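Written below as structure tokens is the structure these notes are about.
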Amino acid sequence: MQEEDTKAVADPPKPDFWRDPRPTNENPNFVRDYFASSRLHFIGSFRARYESMMVAVAANLAVNPRLLLQSSAEKGLLSAKTTRAERVIVHIDMDCFFASIAVKKNPALAGKPIAVCHGGGEISSCSYEARKFGVRAGTFFRDGRKLCPDLLSVPYEFPMYEEASLLIYAIFYSSPTVSVEAVSVDEAYLDITLAIGDDRHASQSGADALVRSLRDKIFASTGCTASAGIGPSKLVARLATKAAKPNGQMRVRQENVIAYLDTLQVKDLPGIGWRTGRRLREKSITTVPQLRALSLAELQSEFGGRQGQVFYNLARALDARPVEPLKPRKSIGAEASWGVRFTKEEEDKARKFIMDMADEVAARVEAAGAYGTKVVFKEYKRKKNASMVGYKHLGHGPCVVFTRSARIQTRSAGRPLKELLRQACIRLHNDLGLHSDELRGVGVQMTDLSFADLNFDHAEATTAGSTRRIDSFFETAVPSSIGNGLSISQRRKAANEAIKDLPSSRNGLGQVSNQSKGGAFDKEEPFEVEFVKKHSERIEASKERMASPIDEQTETHLADIEDEDRIEPAPAQVEFQRAPQVKDAVGKAHESRELDIPKGWDREVFHNLPKDLQDELLKSSSHAIAAGHPPPREAEAVTDDTSAHRIAPPKRRRNPKPKPAAAQAERAKRRKAGQVTMTQFADISNLKKRGHNVLDAEEFREMPLRDCVELLGDLRGKPLNVRTLQTDRRNVETERTGRREGEEDELEDLEIPSPPSLSSDSDGSCSMTEMVLRQGFEEGPVYAEEELSTYAEVLRVWMRTVAGDVKSGHVELIRGRVLELLRRKKLERVCSEMRLVRLFVGEEGMGAWVGHYNRILDDVQEECRVLYKFRLALRKA
DNA sequence: ATCCTCCCCTAC
DNA sequence: TAAGGTAGGGGAGGAT
Ligand SMILES: Nc1ccn([C@H]2C[C@H](O)[C@@H](COP(=O)(O)OP(=O)(O)OP(=O)(O)O)O2)c(=O)n1
Ligand SMILES: [Mg+2]
Ligand SMILES: [Mg+2]
């Protein structure tokens with residue numbers, strides 16, 4: 001605050017913005033600074049960096065990169081189908097990756113509990129010494145300190161992570177018979193079936209030896225340890241890695257797979273995360289055998305067809321997914337939901353920020369040599385009752401997230417991508433109608449991509465390709481004897497034959513470019529070796545750097561990898577319009593009706609329509625951004641592919657552009673007369689407008705969920721899925737027929753103010769017996785002041801007495817008491833008592849209580865969610 | 001049936 | 001105090 005005042009006097013440009021990050025309305029370079037410091041951006045952009053690496057290698061070989069990747073894929077396919085009944089799959093992952101790099105850089109940290117984070121923020125990775133205390137990725141450093149008082153905070157070293165990553169991939173790619181599937185910056189799957197002998201016994205030890213040598217090479221190269229799992233499938237290999245950590249390797253044989261699985265919790269299965277784990281727990285399913293006891297039909301009715309099948313297979317370790325190379329991305333985007341702050345008066349700044357984000361995406365799309373035809377725009381809106389304090393500093397806090405999408409015209413002549421993206425985003429921002437002071441995050445995504453360099457078009461691929469990745473997850477591996485007993489070189493030959501026989505469109509993979517000759521296996525320089533050669537300079541340099549731990553020059557490296565230079569927007573080109581209120585969205589269309597009629601609509605037909613139909617049409621046409629200001633070009637670009645253009649011929653599939661006005665009119669009319677649709681039944685005013693005799697929101701809220709679902713199902717003439725009403729937050733801001741408000745844990749905190757004298761400064765000695773804690777629950781919403789302070793004293797002294805040796809009985813006493821209060825809906829009391837406990841837990845000598853309090857708090861919040869669908873505004877210790 | 005939009009969930 | 005991104009699979013509802 002006074003910072004602003006003194007700025008004019010002396011304000012040396014802060015070189016350390018990262019130490020004192022400013023929100024969007026105070027930092028014009030927010031986007032650059034933020035992405036340079038975000039760990040999630042770093043790990044999230046791995047795929048983009050990896051992709052460009054592959055393109056570079058392919059360019060060097062003068063072949064279509066898709067062919068390279070295909071050859072690799074075919075190796076995976078072959079190994080699955082030929083040599084032996086059992087594939088040999090390896091999953092390999094660096095141990096506490098970021099933390100290990102920190103130790104590498106500063107060996108004095110070895111053996112110590114360390115956590116990688118910005119000063120006091122969220123922990124990204126921590127050493128195994130720290131994990132012994134319960135510290136995890138995602139823990140706040142402050143909380144980590146409570147668990148582990150000696151925990152040290154170490155800063156990020158993104159360039160070093162990138163270098164180590166390159167080194168391990170160089171090792172993975174150094175064997176031509178091993179196929180590689182990149183997973184993340186520190187992790188990959190390998191199919192080593194072809195790399196080891198056919199004899200089963202020999203191959204088992206061969207697998208172990210090969211994996212050990214890979215891990216040795218990794219350590220020699222990076223100075224960091226990796227762990228690995230070996231199994232008959234990706235799933236099993238991955239689970240084995242976890243068990244092998246740290247610095248170990250583990251093989252699970254086919255015959256032991258189920259026994260091993262039976263020792264696991266459902267939450268340990270990849271794909272079952274926090275939410276699904278909770279849903280299963282609510283059905284009393286916590287272990288893998290319990291999950292296996294559910295029938296396919298049960299799982300599918302609960303989770304849907306595909307997901308149900310996946311969970312069913314997970315429980316049985318059925319997993320035939322091949323190890324295959326990454327496919328080109330289907331979407332490219334950027335998002336920021338931290339530090340986004342504007343005042344009501346800063347709408348212009350907000351738009352500038354949105355345009356910066358659009359520019360960022362444009363730059364990333366262009367860097368990838370891609371072009372997309374669809375823009376997805378996303379905004380985080382602060383929840384109405386969200387407390388302004390108590391959340392992560394400058395975090396988004398409790399939010400509703402909205403997304404809107406639009407088509408952009410296919411490379412309308414000469415219009416820079418940047419412009420189109422900006423225009424689309426601003427337009428969609430207007431559609432959403434958020435006020436700038438409630439904006440907490442912005443996301444921009446470009447999808448429906450095609451790649452110039454790869455001569456690859458996703459739409460084409462989808463049409464031509466028969467298999468989607470998930471499909472293979474459903475099959476079990478098919479044993480086959482083809483290729484058995486062949487030498488490696490013979491198998492390579494077979495692999496090349498197989499590739500030659502493939503129609504180039506097979507699997508939706510692109511075509512061989514003119515210069516490429518023969519299958520990749522024939523080349524003297526196999527792709528894998530080429531990878532290493534191509535990057536040898538960087539690899540060597542990295543090796544050197546990794547060899548000298550204490551090293552300074554890491555600062556500029558990341559920029560080499562991802563060029564995030566941005567052109568300053570020319571403000572003149574941008575018209576700032578007032579953001580319309582939500583309700584005005586249609587009204588706004590009236591003013592500029594002429595201009596806003598989407599190209600491709602029949603102007604005359606349109607004007608002859610009734611006014612309300614016109615409105616209806618315009619409303620739905622916000623999906624066709626092309627309708628926007630400068631009238632778009634006709635989509636003649638579709639036809640030209642031959643020359644300098646980067647876009648592969650889009651084949652057929654007329655891109656979903658505005659349909660003829662007449663058809664639209666038909667649809668609008670039908671909808672008007674027709675049945676209740678989703679957006680309509682979700683919005684009560686809409687239901688009423690449509691003449692449905694419908695109750696008001698209050699009545700809906702009080703109706704049992706079952707009845708509500710049934711009623712709406714009837715109105716719709718089609719059964720309604722319960723979960724849609726329960727958890728889907730679509731259009732949450734309308735007056736709801738459902739009960740989404742306050743539904744989820746991220747929704748409103750219930751703020752219950754503390755009673756006046758909580759700090760309990762009295763020091764009077766009370767006889768404290770556990771009987772006092774067991775005393776009856778008084779009536780009335782709040783404690784009489786006296787009562788509370790008496791209770792507080794008793795509680796404090798009791799807690800202190802047992803603090804030396806807190807037994808589970810002690811904990812249960814507290815937990816049972818607050819949970820009972822909660823069940824009786826004495827929320828003020830719950831909050832008062834929890835705050836008391838928290839207060840005391842913070843005192844000197846009460847350390848043993850900290851973890852117990854936090855666990856009790858978790859239980860209270862969980863119970864509160866189940867019972868009342870909100871959270872109490874209580875803090876962790 | 002299949003496509004589209006918006007939303008949810010997961011992994012690193 | 002503090003850097004809560006990125007991309008994929010998939011589901012439901014609706015339009016065709
Ligand atoms: N929530 C997370 C998870 C991971 N990472 C980063 C830091 C990790 O070091 C790196 C790799 O993720 P891993 O899941 O492999 O975790 P670690 O390598 O740290 O530990 P482990 O030994 O369990 O693999 O990604 C992160 O920033 N935030
Ligand atoms: Mg790891
Ligand atoms: Mg990992």
Side-chain angles (χ1 to χ4, degrees), chain A residues 17-23 30 33-48 93 97 117-122 124-125 137-138 140-142 156 183-187 238 270-277 279 303-308 310 326-327 329-340 364 374 376 378 380 391-397 399 401-407 440-441 443 445 447 462 468-470 473 620 623 653 656 659 663 666-667 670-671 674-682 716 718 720-725 727-732 744:
Chain A
F17 58 82
W18 50 86
R19 233 195 280 286
D20 181 26
R22 308 312 305 161
F30 181 89
D33 294 349
Y34 177 67
F35 285 127
S37 313
S38 160
R39 81 180 203 277
L40 289 177
H41 167 70
F42 176 78
I43 62 177
S45 53
F46 162 78
R47 192 173 165 152
D93 182 295
F97 185 44
C117 54
H118 285 120
E122 238 184 77
S124 160
S125 176
F140 279 97
F141 183 73
R142 205 208 325 191
Y156 290 97
V183 175
S184 78
V185 71
D186 83 326
E187 177 181 354
R238 196 168 179 291
I272 300 197
W274 198 78
R275 292 293 177 131
T276 308
R279 272 173 81 180
F303 296 104
R306 317 273 293 182
Q307 285 287 80
V310 166
L326 293 185
K327 294 178 163 63
R329 284 171 290 176
K330 293 178 179 167
S331 68
I332 293 175
E335 163 172 359
S337 67
W338 186 91
V340 179
R364 293 185 194 181
K374 187 180 171 190
V376 182
K378 170 154 92 164
Y380 288 63
Y391 299 107
K392 183 171 180 165
H393 178 57
L394 286 180
H396 54 63
C399 282
V401 181
F402 298 93
T403 75
R404 289 295 179 269
S405 58
R407 296 279 165 188
R440 287 291 180 275
Q445 217 183 20
T447 77
T462 318
R468 292 211 278 161
R469 207 175 122 117
I470 188 71
F473 198 83
S620 57
H623 296 308
R653 185 210 293 255
K659 288 151 195 130
E666 258 321 293
R667 205 148 44 88
R670 229 179 303 147
R671 190 141 48 105
Q675 327 80 323
V676 180
T677 65
M678 168 70 186
T679 15
Q680 294 159 2
F681 80 67
R716 195 167 64 131
K718 199 177 159 195
L720 177 69
N721 187 303
V722 193
R723 270 179 68 77
T724 301
L725 267 191
T727 67
D728 196 309
R729 275 171 259 189
R730 198 173 313 243
N731 300 323
V732 75
E744 280 293 331

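Reminder, nothing fancy here: chain letters follow the sequence lines and each chain counts from 1. Bear in mind that the values here come from a model prediction, so they are computed numbers and not experimental data.
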Residue whose nearest DNA chain B nucleotide is more 5′ - A:P270 or A:T403: A:T403

Closest listed nucleotide, where the reference is the side chain of A:S405 and the choices are B:dT5, C:dG8, C:dG4: B:dT5

Rounded distance in Å - CZ (A:F303) to P (B:dC9): 11 Å

C:dG13 phosphate, OP1 or OP2, under 4.0 Å from A:T724 side-chain N/O: yes

Nearest-nucleotide 5' precedence on DNA chain C, A:L40 against A:N721: A:L40

Minimum-distance nucleotide (side-chain atoms of A:R39 versus B:dC9, C:dA12, C:dG4): C:dG4

A:R723, nearest nucleotide to its side chain (from B:dC12, C:dA2, B:dC9): B:dC9

Earlier contact from the 5' end, DNA chain C, for A:K718 and A:I43: A:I43

Donor-acceptor contact present, side-chain A:R440 to main-chain A:S337, <3.5 Å: no

Aromatic ring pairing A:F30/A:W338, orientation class (parallel under 30°, perpendicular over 60°, tilted between): parallel

A:R22 CZ to C:dA3 P, straight-line distance once rounded to whole Å: 15 Å

Which nucleotide in B:dC7, C:dA7, B:dC9 has an atom nearest any side-chain atom of A:R275: B:dC9

For atom CH2 of A:W274 and atom P of B:dC9, their distance in whole Å: 10 Å

Heavy-atom pair of closest approach, residues A:S125 and A:F97: OG-N, 3.9 Å

Distance test, side-chain N/O of A:Y34 to OP1/OP2 of C:dA2, below 4.0 Å: no

Distance, rounded to the nearest Å, where A:H41 contributes NE2 and C:dA2 contributes P: 22 Å

Rounded distance (Å) that lies between atom P of C:dG4 and atom NE2 of A:H396: 10 Å

Test item: A:F303 and A:V310 side chains (from C-beta on) under 4.5 Å apart, heavy atoms: no

A:Y380 side-chain proximity, nearest of C:dA7, C:dA3, C:dG5: C:dG5

Sugar-phosphate only, base, or nothing, as touched by A:G271 at under 4.0 Å among non-hydrogen atoms: sugar-phosphate

Under-4.0 Å side-chain N/O to phosphate OP1/OP2 contact, A:S37 with C:dA2: no

Distance test, side-chain N/O of A:K392 to OP1/OP2 of C:dA3, below 4.0 Å: yes

Whole-Å gap separating P (B:dC7) and CZ (A:F402): 8 Å

Distance, rounded to the nearest Å, where A:K378 contributes NZ and B:dT5 contributes P: 16 Å

Sugar-phosphate, base or nothing in reach of A:G395, heavy atoms under 4.0 Å: base

Phosphate OP1/OP2 of C:dG5: any A:R47 side-chain N/O under 4.0 Å: no

Integer-rounded Å distance: C:dA7 C1' and A:Q445 CD: 7 Å

Touch class at under 4.0 angstrom, heavy-atom based, for A:R279 against every strand present: nothing

Nearest-nucleotide pick for A:H393, side chain only, options being C:dA7, B:dC12, C:dA2: C:dA2

Considering all heavy atoms, the nearest A:C117-A:E122 contact: CB-O, 3.3 Å

Side chain of A:R306 - closest among C:dG5, B:dC7, C:dG11: C:dG11

Closest to side chain of A:K330, choosing from C:dG9, C:dA2, C:dT6: C:dG9

Closest to side chain of A:E335, choosing from C:dT6, B:dC9, C:dA3: C:dT6

Minimum heavy-atom distance A:R39-A:S124, with the two atoms named: CD-CB, 3.2 Å

Per A:S331 side chain, nearest of listed nucleotides B:dC8, B:dC6, C:dA7: C:dA7

Backbone N/O of A:H41 and side chain of A:S45: donor-acceptor pair under 3.5 Å: yes

Sugar-phosphate only, base, or nothing, as touched by A:S337 at under 4.0 Å among non-hydrogen atoms: base

Sugar-phosphate, base or nothing in reach of A:A137, heavy atoms under 4.0 Å: nothing

